[in-house]
2 protein chains.
Amino acid sequence: MRYVVILKNMEKLTIVKVGGKIVEESNSLKQLLSDFSKIKGNKVLVHGGGRSATALAAKLGIKSEMVNGRRITDTEMLKVVIMVYGGLVNKQIVAGLQAIGVNALGLTGADMNYMRSEKRPVTDVDYGFVGDVKEVNASLLADLIDKGVVPVLAPLTHDKAGNLLNTNADTIASEAAKALSKHFEVTLMYCFEKKGVLMNETDDESVILDLTPALFEKYVSTGVIQGGMIPKLENSFEALKAGVTRVMITRADLIHADYGTKISL
Amino acid sequence: MRYVVILKNMEKLTIVKVGGKIVEESNSLKQLLSDFSKIKGNKVLVHGGGRSATALAAKLGIKSEMVNGRRITDTEMLKVVIMVYGGLVNKQIVAGLQAIGVNALGLTGADMNYMRSEKRPVTDVDYGFVGDVKEVNASLLADLIDKGVVPVLAPLTHDKAGNLLNTNADTIASEAAKALSKHFEVTLMYCFEKKGVLMNETDDESVILDLTPALFEKYVSTGVIQGGMIPKLENSFEALKAGVTRVMITRADLIHADYGTKISL
């Protein structure tokens, strides 16, 4: 029997994840949406919104409690994050992108059941209504992207039992990237307030340009890399292993500069 | 030259519009979603959410002001309705439908630019950020419906200049119905707290079973039909003229009973 290898020429897709701060101030949001709109071809935007959630919670007399950088999400806080992440932040981004010709579509994981999660088990910490991703259904999403639609993903998933769950935006980005890598050649860009992963946190120019798992382990053991950067990088390596082509960690205004920390295996 | 008439056998689509009250209490919402899920074939749900918006506004110290049954929407109230209609109410319906096997997708008019509006001009009343619908782009919506997706439409549109606008849910329903009637054989069901349009508002059983424009004019002139029912019925006649096959006004628990006020031309 003879085999024929069919090389499918996958289209490129760029997934940009931005933190809360940049999307929560109108000037930085406007600049971000303009920069994002100039990415050629297929694209997806993933956003946070923690500061706005904290602000709304405070106005409503609900206390924000964070453990290991993650928000404790009780019933009242869940309503706040659904309103802020799924409503205010997501829909304002969608409207802002539509104004500059990007055919955006705002989504939570419940929409088209694209991302299902399970409530995180209670261990030493009870995070409340926080979801760990279990399943990504990317085919309808991929169809829409093929038609020119630009998904805007809020940091919310659902358990398919009627509950929305608060889910870290970095995780949403890497899970979406992994699932969409079956349909596209995916570049995942994590944007935060620095130009990349730094060798010296007091020197903004000390960007580590290339990061491999071996270097990562070394830097974690020596304390160069710590805190919230560790899960972000673990997500990055996992994404590459699962078929994502390219992962970059950079600052949002540098998404066209090809500058930042390039993650490779 | 000879012409060939091609008869396209359109699929049926049922659009159900429900008011705020039914979706804002967990028991009635659960029953509604169950009833709605049992509608055979293609379907769309359109919802309000005014009571929740008023409640959140009150908690935030924002006063709700209504003129002719319509909400005055200033900058702060706009944020409230984006959070409540686009976030809390919409996404909880979507998650609730997903739990019972309906592949729901929550949308505002900004999403996929499916419904564009313009800010209502200031006349004797300044309604603020309220949108009058100008354009419906139903083709992506129709594609998704063909794939089994069930759109859940929040009462928000956008002006394609970056602003979301508060838009009456009855209008969202009739505008969506008109545009989708190019793709489907559309039944539009307006659900409210009565079994239909009543001859005598103190007698819940006095349902007018058939209503034509001539009867409507007569009943308006004699005061039988008044208030918010007038624009609802005007929307209904317009929808029929624009190609919608069937319009019913009934109570949400009767959507399978084929009982209520049938609107015809």
Side-chain angles (χ1 to χ4, degrees), chain A residues 26 29-30 33 52 56 59-62 78-114 116 137 139-140 143-144 147-152 154 156-165, chain B residues 26 29-30 33 52 56 59-62 78-114 116 137 139-140 143-144 147-152 154 156-165:
Chain A
S26 65
L29 175 61
K30 206 167 174 184
L33 297 187
S52 298
L56 178 64
K59 281 189 194 169
L60 294 170
I62 301 164
L78 180 64
K79 285 185 191 169
V80 167
V81 299
I82 295 169
M83 291 195 285
V84 171
Y85 301 164
L88 194 64
V89 175
N90 188 268
K91 297 310 175 189
Q92 285 185 337
I93 290 174
V94 169
L97 286 173
Q98 289 289 353
I100 53 175
V102 176
N103 197 10
L105 165 62
L107 299 170
T108 69
D111 295 294
M112 301 187 297
N113 185 29
Y114 98 80
R116 185 179 67 78
N137 303 304
S139 64
L140 280 170
D143 282 351
L144 285 167
K147 287 182 175 151
V149 170
V150 174
V152 176
L156 292 166
T157 54
H158 78 136
D159 64 2
K160 217 166 185 308
N163 302 298
L164 292 153
L165 294 167
Chain B
S26 65
L29 175 61
K30 206 168 173 184
L33 298 187
S52 297
L56 178 65
K59 280 190 194 168
L60 294 169
I62 301 164
L78 180 64
K79 286 184 189 168
V80 167
V81 299
I82 296 170
M83 291 195 287
V84 171
Y85 301 164
L88 195 63
V89 175
N90 189 267
K91 297 310 175 190
Q92 285 184 337
I93 291 174
V94 169
L97 286 172
Q98 289 290 352
I100 52 175
V102 176
N103 197 9
L105 165 63
L107 299 170
T108 69
D111 296 293
M112 301 186 298
N113 185 30
Y114 98 80
R116 184 179 67 78
N137 304 304
S139 64
L140 281 170
D143 281 352
L144 284 166
K147 287 182 175 149
V149 171
V150 174
V152 176
L156 293 166
T157 54
H158 78 136
D159 63 1
K160 220 169 184 305
N163 303 299
L164 292 153
L165 293 166

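So you know, we letter chains A, B, ... as the sequences are listed, proteins then strands, and number each from 1.
- If you measure heavy-atom distances from Leu140(B) to chain A, the contacts under 4.5 Å come from the side chain alone.
- Heavy atoms only, all atoms of each residue included: Ala99(A) and Ala161(B) are closest at CB-C, 3.5 Å.
- Val94(A) places none of its side-chain heavy atoms less than 4.5 Å from the side chain of Leu164(B).
- For residues 83-99 of chain A, every residue pair satisfying the side-chain hydrogen bond (donor to acceptor under 3.5 Å, both in side chains) rule, not counting sequence neighbours, is listed here: His47(A)-Asn90(A), Lys91(A)-Asp111(B), Gln98(A)-Asn103(A).
- Options Gly109(A), Gly96(A), Gly148(A), Gly106(A) differ in how many heavy-atom pairs under 4.5 Å they form with chain B, and the most are formed by Gly106(A).
- Every residue was checked against the salt bridge (Lys or Arg N to Asp or Glu O under 4.0 Å) condition with Lys30(A), not counting sequence neighbours, and none meets it.
- Annotation: the span from Asn113(A) atom CG to Leu105(B) atom CG amounts to 11.5 Å, rounded to 0.5 Å.
- In this structure, Asp143(A) and Leu144(B) have side chains that are not in contact, with every pair of non-hydrogen atoms separated by 4.5 Å or more.
- Within the 4.5 Å cutoff, the side chain of Met83(B) has heavy atoms near those of the Leu56(A) side chain.
- Proximity to chain A (any heavy atom under 4.5 Å) is shown, for Ile100(B), by neither the backbone nor the side chain.
- More than 12 heavy atoms of other residues, nucleotides or ligands shown are found within 6.0 angstrom of NZ on Lys147(A).
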